[in-house]
Amino acid sequence: MDPVIIVGAGPVGLALSLALAAQGVPSVVLDETSDKEEPRPARTVVLRADMAALVERLGCATVRDEGLRWVGWRGTQRRRQTRRVAFDLGLGGTEEWSEDPASPAAPAAPLHIPQHALTRGLRDAIAREPLVRLVTGSRLDEVEQDRTGVVARTRGPEGTWWRGSHLVGCDGARSTVRKLLGVRFPGRTAVERHAVAALRTELPWPGESLLHRQPPWRGAGEEITARPLPDGVWRIDWLLPPRGDLVTPDALVTRIRETLADWCEGTTPPYELLDTGVHTLHHRLARRWRVDRVLLAGDAAHLLGAIGTQGLDEGLRDVDNLAWKLSLVWHRAAPDALLDSYQSERRTAVAARLRAADQALPALRGGGGLRHYLPGAMRGPDALLADGHLGRGPLGASPAHPHSPLAAPFTEGMIPVGTPLGAPVEDVRVTAPDDTTVRLRDRLGQARFLVLLVAPGTGVWERRHWRTAGLMPRLEEAAEALPVASEVLVTDAYPGAPAHAVLLVRPDGHLVAAFAGVRPEELRAAADAARGAAPRETPEGPEDQENPEEPSGKKARARTAGNAGTAGSAAEAELSVELPAPAEASLGHDRTADVH
């Protein structure tokens with residue numbers, strides 16, 4: 001079969017190509033630029049533990065070598081510490097945790113890494129992967145598609161026609177793919193602005209991230225964030241007024257000296273300034289993420305980042321959700337309808353994140369407004385900000401898909417466990433078929449479903465002693481009969497699950513169903529639904545309804561860049577239901593969005 005064409009060689013496009021290759025799907029990555037990214041120490045990304053694990057599974061060594069896992073996070077208001085959270089630096093960590101010091105559950109440590117280091121690590125992994133072809137200097141000019149595939153025409157030194165089974169636009173906020181499809185990209189421009197500096201110095205809390213609200217010194221602004229990197233480097237962000245003046249070099253140096261002096265008992269410590277910039281955050285959401293065989297991912301599909309949320313982290317979640325579905329369709333192991341669930345699940349999750357941020361901002365920035373509509377808002381601004389930075393609640397928690405079209409039909413044998421249906425499973429230790437003990441997360445991303453048996457006591461026995469005893473023979477037989485590839489794993493315990501419970505887990509780690517014992521027919525029905533063979537209609541809100549003025553898949557098969565600009569301008573005149581904002585063209589006039 002033809003390879004998948006990926007447009008854009010940023011972290012999302014590179015990660016998608018590697019995720020597909022891990023599942024036996026070849027791809028061609030069309031890179032408009034050269035094969036090197038200019039080092040920008042002030043341009044960094046924060047990855048939650050599960051997305052950092054995803055990138056590491058894809059072979060990106062720089063995650064370990066050039067990234068830093070924080071040991072803790074602290075919130076401060078004026079000169080008073082309001083909270084401190086210690087992170088789990090092990091392989092585990094949990095999605096459900098408490099700030100109570102007596103609680104054994106701790107959040108998994110996020111990872112902070114310069115974006116150029118992440119990109120370089122992904123490119124190095126691609127250089128070792130024969131199923132990925134990276135073509136530099138290739139600017140997309142035209143896309144055509146039919147019932148059997150997609151054709152992309154590029155300009156540049158290797159300008160030519162490329163034939164693929166599908167095409168995924170990972171080409172950023174000004175996505176050419178999105179414009180060629182005529183898909184609208186409404187939202188809000190310049191939601192927040194931050195002055196940014198990367199510098200090497202010593203601060204009183206090594207390895208910890210800091211959120212300082214309402215600093216007491218004049219001219220500091222409303223909020224400062226300090227995030228550590230390896231080798232004593234820190235990225236510091238100052239929240240700027242919405243319509244403030246440009247940040248001059250002298251003004252930024254003054255901010256740096258005053259901030260460091262306050263944090264270091266009145267004396268500015270020695271520091272080396274490495275990089276500076278201004279980070280402007282936009283909130284936008286593409287109206288459609290799939291048009292027949294063409295899909296969008298990453299910044300081409302959404303822009304977000306206010307209140308501690310991380311846009312690249314969400315882009316990698318697009319990759320995690322899409323790769324296994326595209327792989328099953330490419331291998332003809334699932335119907336084409338499976339790809340519809342990518343938009344249904346991911347767009348709904350990002351829309352909820354954007355809506356939560358928009359509702360929280362008036363309360364956090366002193367405007368009142370919609371605060372009472374946001375769950376948890378009555379806990380106060382500190383709690384809302386902590387949610388975004390710590391990865392929990394509507395502003396930061398890993399997305400669940402309880403109303404997914406892939407949800408398993410309810411049966412009598414289903415039981416509740418500590419993980420809600422559609423949510424990411426806990427990263428427990430499991431025994432694999434090769435007799436090794438690994439983390440559950442290590443077995444994800446292979447286009448196979450995981451069948452997890454909870455069997456207390458098996459951890460102290462060699463697999464050969466119990467693989468032919470009890471429920472195992474029947475469970476392995478049931479797994480072999482599933483309509484998708486699967487792997488049977490065994491764990492001593494799983495939160496909230498009784499002994500002999502059987503969990504069915506998607507390739508991206510989301511729970512499909514949990515059963516009381518081995519129930520072959522029910523297990524098969526759940527797996528069939530999860531691969532899109534039994535689609536169910538899911539009610540959608542106004543923002544998810546297809547606009548009759550948007551081009552259908554048939555109408556959008558061939559569209560030049562010039563035509564796309566005309567069609568897009570007309571469509572952009574309409575405002576989004578959930579994110580009213582000016583037209584997409586405003587992004588082109590923003591000269592400050594140079595740091596992410």
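Keep in mind that the numbers below use all heavy atoms, side chains included, and drop hydrogens, waters and symmetry copies.
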All ring pair (Phe, Tyr, Trp, His ring centres under 6.0 Å) counterparts of His112, not counting sequence neighbours: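 Counting only residues at least two positions away or on another chain, His112 forms a ring pair (Phe, Tyr, Trp, His ring centres under 6.0 Å) with Trp70.
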
Can you check whether Gln23's main-chain N or O pairs, donor with acceptor, with His331's side chain at less than 3.5 Å? yes

Does NZ or CZ of Arg178 come closer than 6.0 Å to the centre of the six-membered ring of Phe185, within 45° of the ring's axis? yes

Donor on one side chain, acceptor on other, [X] and [Y], under 3.5 Å:
| X | Y | answer |
| --- | --- | --- |
| Asn321 | His510 | no |
| Arg284 | Thr189 | yes |
| Arg235 | Thr44 | yes |

I'd like to know if [X] and [Y] make a salt bridge, using a cut-off of under 4.0 Å between side-chain N and carboxylate O.
| X | Y | value |
| --- | --- | --- |
| Arg123 | Asp31 | yes |
| Arg290 | Asp340 | yes |
| Glu222 | Arg213 | no |
| Lys325 | Glu345 | yes |
| Asp508 | Arg506 | yes |

Quick one: pull up OG1 in Thr225 and NE2 in His194 and give me the separation to the nearest 0.5 Å.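 One finds 7.0 Å between OG1 of Thr225 and NE2 of His194.
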
Write out all pairs satisfying ring-ring contact (aromatic ring centres under 6.0 Å, His included) with one or both partners inside residues 4-23, taking only residues at least two apart or from two chains.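 For residues 4-23: none.
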
Out of Leu385, Val191, Asp387, which one pairs with Ile307 under the side chain to side chain contact (heavy atoms under 4.5 Å, CB included) rule?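 Single pass found, and it is Leu385.
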
Tell me which one of Arg443, Arg48, Arg441 satisfies salt bridge (charged side-chain N to carboxylate O under 4.0 Å, His left out) with Asp427.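 Exactly one candidate clears the test, Arg441.
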
